[in-house]
Amino acid sequence: MNERKTESIVRSHFGKFKDIIHFEEQASDNAKINKLLKSASKKGSGKGRPEFLISFFGNSELLIVIECKADNTKHESPTKDKFSEFAVDGVLLYSSYLSKDFDVLAIAVSGQTKQQLKVSHFLQLKGERKAVAIFGNKLLSANDYLDGYLKSPEKFRQDYNTLLEFTKQLNETLHSYKILESQRSLLISCILIALENKAFKTAYPLFGSTNTKDTAEDKKEKVENASKELANYLVDTVSNELKNANIKGDKLDNLNIQFSFIRTDTSLSTKKEVLKNLITNIDENINSFIKTHEYFDVLGQLYIEFLRYANSDKGLGIVLTPPHITELFSDLAQVNKNSIAYDNCTGTSGFLISGMKKMIESAKGDQEKIKEIKKNHLIGVEYQSHIFALAVSNMYIHQDGKTNIINGNCFDDDIIKLVKNRKPTVGFLNPPYKADKKKDIDELEFVLNNLECLVDGGTCVAIVPMQSALAQSGKVFELKKKLLENHTLEAVLSMPDELFINSDVGVVACIMVFTAHKPHPENKETFFGYFKDDGFEKRKNKGRIDVYGKWENIKDKWVHHFRNRTEEAGFSVKKIVSAYDEWCAEAFMETDYSKLTPSDFLNEVKKYVAFKVLNQ
Amino acid sequence: MKLVELNTIFDIQYGNQFDLYKLETDELSDINFVSRSSQNLGVMAKVSRFNDVEPFPAGLITVTLGGTYLLSSFIQQDIFYTAQNIKVLKPKREMSVIEKLYYCKVIEANRYRYTSHGREANITLDTLLVPDRLPEDFRKIKLDSVPLPNTNPLIKKKIELHPENWKYFKYNELFSIERGKGPRIKDVVKGNTPFVTSIDSNNGITNFIDAPTVHSANTISVNRNGSVAEAFYQPLAYCSTEDVHIFTPKFKINKYIALFFVTLIKMEKYRYSYGRKWGLERMKESIIKLPVDKKGSPDFDFMEDFVKSLPYSSSL
């Protein structure tokens with residue numbers, strides 16, 4: 001047995017990528033790495049000496065550490081604590097030290113020939129307690145490692161947290177410049193669009209700079225005018241970008257009006273460096289996030305954060321859908337490259353963006369198809385003009401065809417006709433929730449409106465307040481009746497109680513899934529899910545987040561049960577229902593008595609005894 | 001009475017300033033986690049040891065500095081960690097339990113000086129003026145005059161549950177169910193009649209009020225609103241509100257059988273939320289799974305014996 005053979009396989013594998021990586025053995029030139037390895041010896045004391053250390057020229061956060069063993073039987077021990085004998089055990093030990101300052105990809109390799117080679121990968125992000133398995137059992141190219149790391153769910157969670165923190169700071173900064181809550185998202189979206197323009201990106205840092213030929217007077221004037229000029233340049237750039245993206249006439253005028261406040265805002269257009277610093281910050285933090293994690297509704301997240309405390313939109317019933325639920329929608333509707341998605345209450349276009357992501361994934365790199373998807377497969381209608389501006393910006397940032405978001409009322413005949421012509425196959429919506437029970441349009445009317453526009457057999461997924469599912473009399477009951485007369489109710493999924501807590505709204509919601517234009521058959525069994533646990537937990541200042549990374553698995557279970565209509569005590573049930581019934585799992589599910597234990601009874605006995613003691 | 005500053009009697013320090021979610025909860029651990037709650041001596045959970053942090057020893061006093069019930073003071077019975085914004089007091093001299101309890105009450109009597117999010121107690125607690133020693137009258141109190149509940153079961157036999165053999169019954173076969181009645185909350189005056197509202201603690205009783213009783217003893221109260229599906233056995237006649245439904249049994253009930261039902265009724269909690277209440281009609285049609293005898297009727301003797309076989313049943 002000779003470990004050198006294993007090492008030489010690894011060495012020659014990574015030798016191919018010398019142009020993008022820095023390859024080191026046993027120790028590093030990097031003082032930070034050496035310091036971390038100082039007491040990381042596999043034998044318990046002294047300096048750690050991992051076989052290989054790889055860092056990337058383009059990314060200073062990721063570090064690859066590799067341990068080799070000649071013998072396959074020395075690959076991994078069951079207890080993972082025999083550091084010097086087993087490859088996995090050893091590399092995880094190094095990773096636990098190195099992850100104090102780096103995102104670490106730990107690779108364990110055993111075997112003396114390429115055929116024998118056994119490989120395990122683990123990712124341990126900076127500050128995380130545990131390493132998680134990632135990739136398969138083969139060595140990959142350096143680029144694949146970098147890419148896989150950047151797009152891993154773990155990295156996403158970390159980046160997303162950083163984004164949330166940045167958003168908070170940004171909100172405070174904008175607050176100190178006295179920019180209205182409702183204008184903050186518009187400003188950010190404006191900046192993000194402008195940054196798409198190469199000329200702008202190069203030119204904005206130069207505003208207000210002077211050169212040696214300038215007289216003192218010139219210098220003063222240049223600095224004073226710089227903010228004003230930059231504000232105008234920003235808005236003009238965006239206007240041009242939108243025009244080039246085929247947005248014309250009223251639509252463009254409307255958008256120009258929405259952004260025009262930037263030209264005159266006191267802080268932005270007169271104070272030195274304020275706007276410039278903002279742009280730099282946003283480029284570094286938000287833009288880089290968008291570029292790494294494509295097709296994520298970033299503006300929606302900003303919008304939620306900016307309005308969390310000033311929820312002036314509560315009266316309008318605007319509650320943005322959390323991103324993990326928009327993603328779930330696309331899975332429930334089985335969105336693929338041939339789907340055409342329609343959202344009649346677009347908001348910041350969260351559903352369309354997650355739909356776009358699924359469509360593009362399924363196009364598998366077919367550029368023609370991707371172009372067509374962006375151009376023709378995403379249709380949205382938004383009533384409020386400032387949110388419409390956000391929706392368009394958001395789609396722009398994600399490089400869609402940009403012209404399919406309509407500013408108007410989804411109940412207008414013209415708009416219905418226009419949308420129908422596009423033959424949408426999938427409908428998504430989170431309608432505005434009623435504030436005034438008598439005057440406001442009912443949520444289910446929006447659902448009917450969405451279904452009307454879909455092709456025969458199309459799938460509509462809607463998230464609505466629980467009350468819409470429960471009504472057994474009155475107007476909502478009539479709407480339930482109408483829904484079943486024209487469409488098939490496939491499923492109703494009860495959602496976690498505090499799903500909308502990030503928007504500071506306490507409504508309990510459920511997801512309804514319909515098949516369009518197929519009247520509900522009399523003996524149809526509808527699927528009801530009691531999907532109350534999405535793994536998210538509330539954290540101070542962050543709202544509900546996927547703290548432990550449970551969502552991926554939970555989502556798989558939800559989608560699997562829905563797709564196969566699987567019944568499980570305490571989780572899901574099938575039932576034939578009419579409009580008169582409550583449409584929810586809570587009403588039909590069997591209580592899981594098998595979970596009953598003597599300690600449940602004992603608990604009640606103790607409480608009663610305590611009550612007696614306290615009150616005697 | 002001579003007043004002295006609190007820090008002349010106690011060594012005062014901040015607690016651990018831990019967040020519960022960062023710790024690992026563990027039912028079997030002997031470390032309590034003390035938060036700013038005013039209930040249960042402030043203990044929220046049991047947690048595992050965190051890194052190498054030594055827990056505080058039992059017998060010290062915890063004082064909350066913020067929250068609605070600030071200055072809630074408790075003698076901790078086990079070793080503990082604390083949450084944010086709690087101070088830990090260690091007597092500088094030998095101190096009896098009665099004396100510690102006295103100082104807890106003395107500290108709490110200063111609550112009026114502070115408000116949560118307004119003037120909080122962080123800075124000034126240490127110099128709060130308190131009596132320098134336990135007054136004579138208090139020295140006479142004997143703690144063992146309060147009996148501890150007997151933990152023994154009434155029946156020394158292990159009885160097993162087999163829910164898989166149980167049968168379903170409709171609620172309205174077993175109980176007549178009606179809406180709770182009584183005075184409106186804003187009209188109540190203190191008295192002797194238990195007033196049951198839709199809360200989840202203290203057997204549903206928020207107050208004792210001066211009003212004629214409406215509902216009989218030996219019934220079960222079940223919340224339709226508020227903390228929905230909380231259920232309590234009511235041993236005395238009482239008044240209630242519309243948010244509570246009254247279950248009058250159609251069979252002979254006692255406290256043992258009642259507690260068996262209470263446990264099962266609570267299992268239905270998951271069906272209800274802010275968006276879905278347990279209305280009267282829904283309640284009558286609801287079903288419950290019960291142990292049955294050979295004839296297929298509910299086996300009330302089994303229920304009674306089972307509860308009697310549990311620890312503490314001799315204190316019921």
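Everything numeric in this text was worked out from a predicted model, so none of it was measured. Just so we're on the same page: letters track the sequence lines, and every chain starts at 1.
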request  = Show your reasoning for whether side chain to side chain contact (heavy atoms under 4.5 Å, CB included) applies to B:Tyr272 and A:Glu586.
outcome  = CA-CA 7 Å; B:Tyr272 306 97; A:Glu586 288 92 318; over 6 Å; no
Quick one: are [X] and [Y] in side-chain contact, heavy atoms under 4.5 Å?
{"X": "B:Tyr256", "Y": "A:Val605", "result": "no"}
{"X": "B:Val262", "Y": "A:Phe601", "result": "no"}
{"X": "B:Ser201", "Y": "A:Phe611", "result": "no"}
{"X": "B:Lys289", "Y": "A:Thr591", "result": "no"}

request  = Decide if atom CZ of B:Phe208 counts as having more than 12 heavy atoms of other residues, nucleotides or ligands within a radius under 6.0 Å.
outcome  = yes
ask   = Is the number of heavy atoms from other residues, nucleotides or ligands under 6.0 Å of B:Tyr21 OH greater than 12?
value = yes
Toward chain B, the part of [X] with a non-hydrogen atom under 4.5 Å:
{"X": "A:Asp600", "value": "both"}
{"X": "A:Phe588", "value": "backbone"}
{"X": "A:Thr597", "value": "backbone"}
{"X": "A:Ala610", "value": "neither"}
{"X": "A:Cys510", "value": "neither"}

Answer with side chain, backbone, both or neither: which region of [X] has an atom nearer than 4.5 Å to a non-hydrogen atom of chain A?
{"X": "B:Lys22", "answer": "backbone"}
{"X": "B:Tyr233", "answer": "both"}
{"X": "B:Ser315", "answer": "both"}
{"X": "B:Leu161", "answer": "side chain"}
{"X": "B:Leu148", "answer": "neither"}

Exercise: identify the closest heavy-atom pair between [X] and [Y]:
{"X": "B:Ile287", "Y": "A:Tyr593", "result": "O-OH, 4.5 Å"}
{"X": "A:Val609", "Y": "B:Pro149", "result": "CG1-CB, 3.7 Å"}
{"X": "A:Pro598", "Y": "B:Leu310", "result": "O-CD2, 4.2 Å"}
{"X": "B:Met267", "Y": "A:Asp592", "result": "CE-O, 3.6 Å"}
{"X": "B:Lys266", "Y": "A:Lys607", "result": "NZ-NZ, 3.2 Å"}

ask   = Quick one: of A:Lys532, A:Glu590, A:Met589, who has the most non-hydrogen atom pairs under 4.5 Å with chain B?
value = A:Met589
ask   = Donor-acceptor pair, A:Tyr530 side chain versus B:Tyr270 backbone, under 3.5 Å?
value = yes
Polar side-chain atom of A:Lys606 near backbone of B:Tyr312 as donor-acceptor pair, under 3.5 Å = no
Pick from [options] with the largest number of heavy-atom pairs that fall under 4.5 Å of chain A:
{"options": "B:Glu160, B:Glu268, B:Arg271", "value": "B:Arg271"}
{"options": "B:Asn202, B:Leu259, B:Leu264, B:Asn203", "value": "B:Asn203"}
{"options": "B:Ser309, B:Ser313, B:Ala231, B:Pro235", "value": "B:Pro235"}

query = Which residues in residues 466-479 of chain A have any heavy atom lying under 4.5 Å from a heavy atom of chain B?
reply = A:Gln467, A:Leu470, A:Gln472
ask   = Mind checking which of residues 162-172 of chain B sit less than 4.5 Å from chain A, heavy atom to heavy atom?
value = B:Pro163, B:Trp166, B:Tyr168
